[in-house]
Structures are given as structure tokens and as C-alpha cells.
Amino acid sequence: MAERRDVVIIGAGAAGMMCAIEAGRRGRRVLVIDHARAPGEKIRISGGGRCNFTNIHAGPKNFLSANPHFCKSALARYTPRDFLDLVERHRIPWHEKTLGQLFCDNSAKDIIAMLLAEMKAAGAELRLSTTIDAVEHDGNAFRIVTESGIVEAASLVVATGGKSIPKMGATGFAYRIAEQFGLPVVETRAGLVPLMLDPATLAAHEGLPGVAVDVIARHGKTEFREAALFTHRGLSGPAILQISSYWRDGEEISLAIRPDVDFAAVIAAARRANGRQALQTVLAEHMPKKLAQLLVTELGIDGPLAEQPGRRIDALVQRLGDWRLRPPGSEGYRTAEVTLGGVDTAALDSRSMAARAVPGLYFIGEAVDVTGWLGGYNFQWAWASGHAAGQDV
Ligand code: FDA
């Protein structure tokens with residue numbers, strides 16, 4: 001005998017739990033199934049354990065998608081303020097860190113506990129450690145075949161996220177279900193991910209790992225001003241993670257080091273004041289010493305400032321404003337914060353996240369081809385898309 005529910009949600013992550021809360025509040029009989037032992041594992045590790053749960057500036061411009069308009073409706077109907085109201089109702093202490101990013105003061109576990117409490121209050125049931133063997137549709141209802149039995153429901157919500165961090169249980173489940181029901185999937189790739197550098201460049205960067213500097217990272221017309229971090233494998237830090245979502249394998253990125261400093265003027269003034277000092281000494285007043293040393297060495301600059309020909313200084317200033325690097329690849333899904341691409345929004349209704357061609361089937365959260373910048377945007381999409389589907393199932 002199959003169990004019956006109104007709604008089955010596969011995936012007890014951010015989007016799935018929000019959907020369960022909304023659907024439960026509407027009186028729907030909801031079952032959330034997850035193969036993990038605990039719900040919201042990515043919430044738990046997010047934001048360095050403090051969960052950057054939203055961004056007060058979140059809007060459609062902060063998202064990548066083949067259809068940039070798709071996210072507008074859901075984002076407008078469930079805003080960062082709406083989520084913050086929930087957080088405040090649960091008396092969870094929070095703070096704004098920078099650039100509108102809101103974090104828990106204490107622990108990301110506060111957010112998970114809040115969502116579980118809301119689910120319970122809404123009467124939504126959670127079943128963990130449960131593997132899905134198959135999903136079938138008989139024309140009326142979905143049959144979700146699990147190792148412990150069959151559940152039938154008129155609505156099925158797929159909230160299984162993307163492929164990032166497979167060690168934490170991420171799977172391509174959503175894409176397989178989309179394909180099974182004939183829905184297109186936009187090619188997926190790792191996003192918000194550190195970029196690798198080739199062995200020769202890494203060898204030249206010896207000593208740099210651990211060095212961080214304020215940069216503008218550019219790819220084409222897109223740019224982010226935040227910190228970049230040199231690592232043993234290549235480049236990381238918020239500016240690099242942000243630009244990685246726009247970059248494709250083998251393409252060039254450009255860094256402007258300390259964009260707030262007019263290096264031409266700084267060097268000219270230093271030459272007038274004391275021509276005997278070395279150029280790296282001047283640079284090191286504005287960036288970590290090891291980076292200053294690398295930049296002058298790479299351009300073959302040696303000796304006192306007064307002896308440097310103008311063309312060398314020009315080359316250095318040019319390099320500081322537009323340092324071109326060509327990462328051969330990224331660190332991939334192993335360390336990526338998100339998965340770009342996913343279930344094609346052309347197949348979904350933007351108000352409800354329902355598949356146009358398959359009544360009762362919904363996709364929400366990271367599984368969908370909507371990916372946010374770094375800074376709380378991805379959770380805001382999970383809340384907003386989960387809320388949208390929860391109103392419709
Ligand atoms: P999510 O991945 O959260 O949940 C999917 C659920 O489905 C999981 O519980 C999983 O176990 C389950 N599942 C998967 N396959 C299944 C299967 N076959 N059967 C059953 N269950 C299955 N974003 C942000 O806005 N602020 C932040 O601070 C961070 N920080 C951050 C840090 C790190 C290290 C990572 C990896 C990611 C972030 N993110 C983030 C991104 C954010 O975590 C992510 O976008 C959301 O968790 C996506 O929510 P979803 O509910 O769509 O998927």
C-alpha cells in the first residue's frame with residue numbers, strides 16, 4: 001500500500017524547507033524526503049558557520065541565468081525583508097557584515113532550527129536518510145519509490161540543489177528528473193569557485209600563497225571590487241569567486257591591484273622624495289611586501305628608483321591596473337559554492353516554479369538555472385523560489 005500526501009518535496013535544503021513551510025501553512029499534507037542524515041547541511045557550513053542568509057540589496061541584477069527576467073517574480077514576492085522578519089520573530093541575533101550581507105551573530109544552526117520549528121508548526125513531515133529509487137507518474141499522481149516504501153502525491157517538488165560539494169551529498173538528481181520528464185537542462189558548471197593557475201605561474205608566485213589584496217577583478221565588462229587571495233593552487237577570495245561565475249575554462253581575467261591608489265602619482269612622488277629607494281619599497285606601502293617583490297621581479301626591475309627608465313615604470317603601472325592572468329581551469333565542483341546552469345527556466349512558470357508541460361511537477365532553488373553572486377543571494381533565491389512553489393502546490 002502506498003502512503004498518500006498532497007505534496008512530496010525531495011531535498012531538505014534551504015529551498016525545500018521553505019517550500020514545506022509555505023505549503024504546510026496552506027493546509028497541504030507535506031512530506032519532505034532527503035537522503036542525508038541531517039537537514040540543511042549546506043546552511044550549516046555556509047558563511048563560515050554563521051550563514052550569510054540574505055542580502056538586503058538582492059535583486060534580479062545579482063543573478064546569472066539564460067533568462068535574466070525569470071527570477072523577478074519570485075524575488076519580488078518574497079524579499080530579504082520577509083526573511084529577516086522571520087529571523088527576528090525567532091529572535092535570532094544577526095548583523096550586516098559588508099555590502100548588505102546579513103549573517104547570524106552566533107551560528108548557522110539557528111537558521112536550521114528556525115526552519116525546522118516553522119515546518120513543525122505548519123505540520124510538514126521530514127523523512128531523512130531515505131534513498132529515492134525511482135519517480136513515476138501515472139497521469140494523475142507522482143509515485144515516489146523509496147527504499148522504505150512508496151509515497152503518492154499530486155505535487156512533486158524537486159529541491160535537491162546542484163552538484164557542488166559532492167562530499168556533502170550533492171547529486172545531479174534534479175537534472176535526471178528533468179530529463180526523465182522531457183524538460184531541458186542548461187549545461188551545468190562550477191560557480192563561485194577558486195581558479196587554478198598553471199605550474200609555471202605558480203612557481204613564479206612562490207611565497208605568495210596566503211597573501212590577500214584589494215582588487216578589481218574583471219572579465220569582459222563584468223567587474224567586482226573585493227579581496228583576492230593567492231593560494232597554493234591559484235587564486236581565491238571573494239573577488240575571484242565572483243568573477244569565476246562569468247569566466248569559462250581557459251579565458252583571461254584581469255586584476256587591478258589596489259584600485260584606490262594612483263600608482264603613477266605615488267611612484268613619481270617617491271622618486272622626487274628619495275630616488276635611492278627601491279621600487280618594491282614604495283609599492284609595499286600599498287600592498288603586501290611579497291606581492292610588491294613579485295611584481296617588480298616579473299618585470300625585471302632592479303636597483304634604485306631614480307635609475308629606472310620611464311618605460312619600465314609605465315609597464316609596472318600598466319600591470320598594476322590590468323594584470324592579465326589565464327587560469328587553465330577552476331577547482332570544480334569539489335570546492336564550488338554553487339552550480340551554474342540547471343533546469344531550463346524556459347520550461348518553468350516564473351510565478352510558481354511549476355513545469356509547464358508536466359502538471360504538478362516543480363523545481364526550486366539551486367537546481368534551477370538561476371545562480372546568485374556571492375553574498376547571501378543564493379539563499380535569497382532558495383527562500384524566494386521555495387516560497388513561490390509553496391504557494392502553488
Ligand atoms: P541544497 O543543496 O541546500 O539542498 C539540497 C538537499 O537535497 C540536500 O539536503 C541534499 O542532501 C538533498 N539531496 C540531494 N540529492 C538528493 C537525492 N538524490 N535524494 C534525496 N535528497 C537529495 N549561499 C548564500 O546565500 N550564503 C552563504 O553564506 C553561502 N555559503 C555557502 C558555503 C558553501 C561552502 C557552499 C557549498 C555553498 C554556500 N552557499 C551560500 C550556497 C547555498 O548553500 C546554496 O545555494 C543553497 O544551499 C541552495 O539551496 P537548495 O535548497 O537549492 O539546495
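In this chain, numbering begins with 1 at the start of the sequence shown. One-based numbering, in listed order, for ligands and for the atoms of each. Just so you know, these numbers come straight off a predicted model, no measurement behind them.
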Taking only heavy atoms of [X], which atoms of ligand 1 are found under 4.0 Å from at least one of them?
X	result
Thr171	14 (C), 15 (N), 16 (C), 18 (N)
Gly47	28 (O), 30 (N)
Ala36	11 (O)
Asn378	23 (N), 25 (O), 45 (O)
Gly365	52 (O)
Gly376	24 (C), 25 (O), 26 (N)
Ala159	5 (C), 6 (C), 7 (O)
Gly169	14 (C), 15 (N)

Among all protein heavy atoms, pick out the one at the shortest distance from [atom]; state its residue, atom name and that distance to 0.1 Å.
atom	value
atom 26 (N) of ligand 1	Asn52 O, 2.9 Å
atom 4 (O) of ligand 1	Gly13 CA, 3.3 Å
atom 53 (O) of ligand 1	Gly161 CA, 3.4 Å
atom 11 (O) of ligand 1	Asp34 OD1, 2.8 Å
atom 37 (C) of ligand 1	Glu337 O, 3.2 Å
atom 34 (C) of ligand 1	Ile45 CD1, 3.5 Å
atom 30 (N) of ligand 1	Ser46 CB, 3.2 Å
atom 44 (C) of ligand 1	Glu366 OE1, 3.0 Å

Where does [X] meet ligand 1, judged by heavy-atom distances below 4.0 Å: at the side chain, the backbone, both, or neither?
X	value
Thr160	both
Ser164	neither
Phe173	side chain
Tyr377	backbone

Is the distance between the ring centroids of [X] and [Y] under 6.0 Å?
X	Y	answer
Phe103	Phe53	no
Tyr78	Trp383	no
Trp373	Phe224	yes
His137	Phe142	yes

Backbone or side chain, does any N or O of [X] fall under 3.5 Å from an N or O of ligand 1?
X	answer
Ile33	no
Gln380	no
Ile165	no

So, [X] and [Y], do they make that salt bridge, N to O below 4.0 Å?
X	Y	result
Arg5	Glu3	yes
Glu331	Arg233	yes
Arg81	Asp85	yes
Arg312	Asp314	no
Arg25	Glu118	yes
Glu125	Arg29	no
Arg225	Asp214	yes

| task | Determine, step by step, whether Val32 and Ile10 satisfy the side chain to side chain contact (heavy atoms under 4.5 Å, CB included) criterion, reporting the C-alpha distance in whole Å, the side-chain angles of both residues, the deciding distance to 0.1 Å, and the verdict. | result | CA-CA 6 Å; Val32 185; Ile10 305 180; over 6 Å; no
| remark: Taken to the nearest 0.5 Å, the spacing of Phe263 CZ from Leu279 CG works out to 10.0 Å
| task | Just do the side chain to side chain contact (heavy atoms under 4.5 Å, CB included) check on Tyr377 and Thr54 with the steps written out, would you? | result | CA-CA 6 Å; Tyr377 302 100; Thr54 192; over 6 Å; no
| Minimum non-hydrogen distance to atom 49 (O) of ligand 1, winning option of Gly49, Ser129, Ala14 | Ala14
| Closest candidate by heavy atom, reference atom 51 (O) of ligand 1, pool Gly11, Ala15, Gly162 | Ala15
| message | Using only atom types and a distance under 3.5 Å, with no angle test, would you say the side chain of Ser245 pairs donor to acceptor with the backbone of Leu192? | response | yes
